[in-house]
Amino acid sequence: MFSDDSLLYEFPCNEKYRTYLRLEALFQRFDWFCLQDSPIAHHAGISALFDLLDATARSDLRHELIQEMERQRQRLLTLAQSSDEPDETLTETLERLQVAIEDVAKTVGRTGQSVRENQWLQLVRTRQAIVGGTCEFDLPQFHHWMNRSPEARREELLSYGQTLDPIRNGCCLLLDLLRANSVVNTYRCEKGNFQHAMTHTPNIPLVRIWLPTSSGIIPEVSANKFMLWIRFSKLDELNKPHPIKEGSLSFRMGLCSFN
């Protein structure tokens, strides 16, 4: 039933990793727009940058990220010390964690503060709140920027994004480590409902579900420390979901944990 033509759904089971997944998605969107040459794509890149600034504005994000990376560093350090033979991959990961911790700790004030204080960007942001507010007759300086060379626009956008690199690197490193600690199995459910007792596999920050792309079936996940629930629905031609009420369904699921 399963092949490479599967669609992956990821669901966080706590707020910490929900934030990291959102940041990862925003960084990917920003990167994609920056790589394009179109002025319209770079306009969208500025919008993605504003979303990143909002998402990283929390004063406790940096402290929370450092704590989580340090917790994983200590876990891997204990693992390395208990091994009889050196593991190059483990040593490299420990070094990356240490560098990421130091980089986040070095940031002064709120992450991306220099970008937030950029008057030109704030003017663009203010005008974007108005429908069509960045038209050339409303904001001629933005029209001028949009007509610069793609290389010049891209370089400027990437320079803004670099101020957020410590947060990006920390989030992506934690997510990579978590995904690598995934136990994947095939499961079957009846009538579109599935339950999994979390007491057997406690402290699961992330659930990964694979479904055939062509099936039109989507999962909806909710979880607490005791139970994981998945409700499957099938999309109609208008992309409206309808709960599956009969038959059986097979799917792959990965439970990601640092335990």
Side-chain angles (χ1 to χ4, degrees), residues 1-30 32 48 51-52 54-56 58 60-61 64-65 67-69 71-72 75 167-168 170-259:
M1 177 179 177
F2 298 105
S3 64
D4 292 337
D5 187 25
S6 295
L7 184 58
L8 169 63
Y9 295 86
E10 292 188 319
F11 294 91
C13 297
N14 62 44
E15 285 302 316
K16 185 186 302 181
Y17 280 88
R18 186 182 303 273
T19 297
Y20 299 159
L21 283 170
R22 284 175 174 163
L23 286 172
E24 180 188 52
L26 288 172
F27 278 118
Q28 289 173 349
R29 185 185 308 170
F30 175 74
W32 189 89
D51 288 342
L52 278 168
D54 288 341
T56 57
R58 273 180 39 210
D60 61 336
L61 175 62
E64 182 184 86
L65 189 57
Q67 278 190 325
E68 183 65 10
M69 287 192 291
R71 188 169 76 88
Q72 299 312 318
R75 178 183 67 85
I167 298 296
R168 174 210 292 262
C171 289
C172 291
L173 181 52
L174 286 172
L175 287 171
D176 287 346
L177 286 172
L178 184 57
R179 288 167 177 143
N181 284 273
S182 176
V183 178
V184 181
N185 289 298
T186 299
Y187 298 85
R188 179 174 292 275
C189 69
E190 300 295 328
K191 298 181 180 180
N193 286 285
F194 178 81
Q195 293 184 0
H196 179 82
M198 298 291 268
T199 51
H200 301 314
T201 50
N203 301 320
I204 302 294
L206 182 67
V207 174
R208 312 181 86 199
I209 299 170
W210 289 266
L211 289 165
T213 304
S214 59
S215 68
I217 297 174
I218 60 171
E220 181 184 352
V221 177
S222 57
N224 57 34
K225 63 181 179 180
F226 302 110
M227 190 69 69
L228 169 73
W229 293 272
I230 306 176
R231 291 167 292 278
F232 291 96
S233 299
K234 190 171 181 62
L235 299 177
D236 62 19
E237 63 276 5
L238 298 177
N239 291 317
K240 181 179 179 180
H242 299 275
I244 296 175
K245 297 181 179 180
E246 59 183 21
S248 62
L249 171 69
S250 292
F251 62 97
R252 281 186 298 160
M253 181 170 69
L255 301 176
C256 305
S257 173
F258 290 122
N259 294 330

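What you are looking at is a predicted structure, and each value in this text was computed from that prediction instead of being measured.
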Hey, does K225 have a side-chain heavy atom less than 4.5 Å from the side chain of M198?
-> no
Which is it for E220 and S233 under the side-chain contact (heavy atoms from CB on, under 4.5 Å) test, yes or no, and what are the steps along the way?
-> CA-CA 8 Å; E220 181 184 352; S233 299; 5.5 Å; no
Enter the distance from T19:OG1 to I167:CD1 here, rounded to the nearest 0.5 Å.
-> 11.0 Å
Side chains of L255 and V207: closer than 4.5 Å at any heavy-atom pair?
-> yes
When every non-hydrogen atom of S257 is compared with those of I204, the smallest separation belongs to CB-CD1, 3.6 Å
Return the minimal non-hydrogen interatomic distance between L174 and F258, and the atom names on each side.
-> O-CZ, 3.9 Å
Taking atom CD of E68 and atom SG of C171, what is their separation to the nearest 0.5 Å?
-> 10.5 Å
Look at R58 together with E15 and state whether they make a salt bridge at an N to O cut-off of under 4.0 Å.
-> no
So, do P205 and L178 sit near enough that their side-chain heavy atoms are less than 4.5 Å apart?
-> yes
Between Y20 and Y17, is a ring-ring contact (aromatic ring centres under 6.0 Å, His included) present by the stated rule, with each step listed?
-> CA-CA 5 Å; Y20 299 159; Y17 280 88; 5.1 Å; yes
Got a second to check how far I217's CD1 is from L249's CG, nearest 0.5 Å?
-> 5.0 Å
How long is the gap from CD on E24 to CD on Q28, to the nearest 0.5 Å?
-> 4.5 Å
Quick one: OG on S215 to CG on L235, what's the gap to the nearest 0.5 Å?
-> 8.5 Å
Heavy-atom closest contact (L65 atom, G170 atom, distance) = CD1-C, 4.0 Å
Compare all side-chain heavy atoms of E190 with those of S248 and state whether any distance is below 4.5 angstrom.
-> yes
Is the backbone N or O of L177 less than 3.5 Å from a side-chain atom of N181, with the two atoms forming a donor-acceptor pair by type?
-> yes
For R29, look at atom CZ and say whether over 12 heavy atoms of other residues, nucleotides or ligands are found less than 6.0 Å away.
-> no
Exercise: do D5 and T213 side chains pair donor with acceptor under 3.5 Å | yes
Compare all side-chain heavy atoms of K191 with those of P243 and state whether any distance is below 4.5 angstrom.
-> no
d(L211 CG, S250 OG) to nearest 0.5 Å is 10.5 Å
Can you see which heavy atom on T56 is nearest to which on L61, and at what distance?
-> CA-CD2, 3.8 Å
Please examine the side chains of F27 and L52, heavy atoms only from C-beta on, and report whether any two atoms are closer than 4.5 Å.
-> yes
Here the pair of heavy atoms bringing E64 nearest to K16 is OE1-CG, 3.8 Å
Given F194, F251, Y187, the one that forms ring-ring contact (aromatic ring centres under 6.0 Å, His included) with F232 = F251
Are L228 and M253 close enough, and set up right, to give a side-chain contact (heavy atoms from CB on, under 4.5 Å), and what steps lead you there?
-> CA-CA 12 Å; L228 169 73; M253 181 170 69; 3.8 Å; yes
Least distance between heavy atoms, I218 atom then Y9 atom | CG2-OH, 3.4 Å
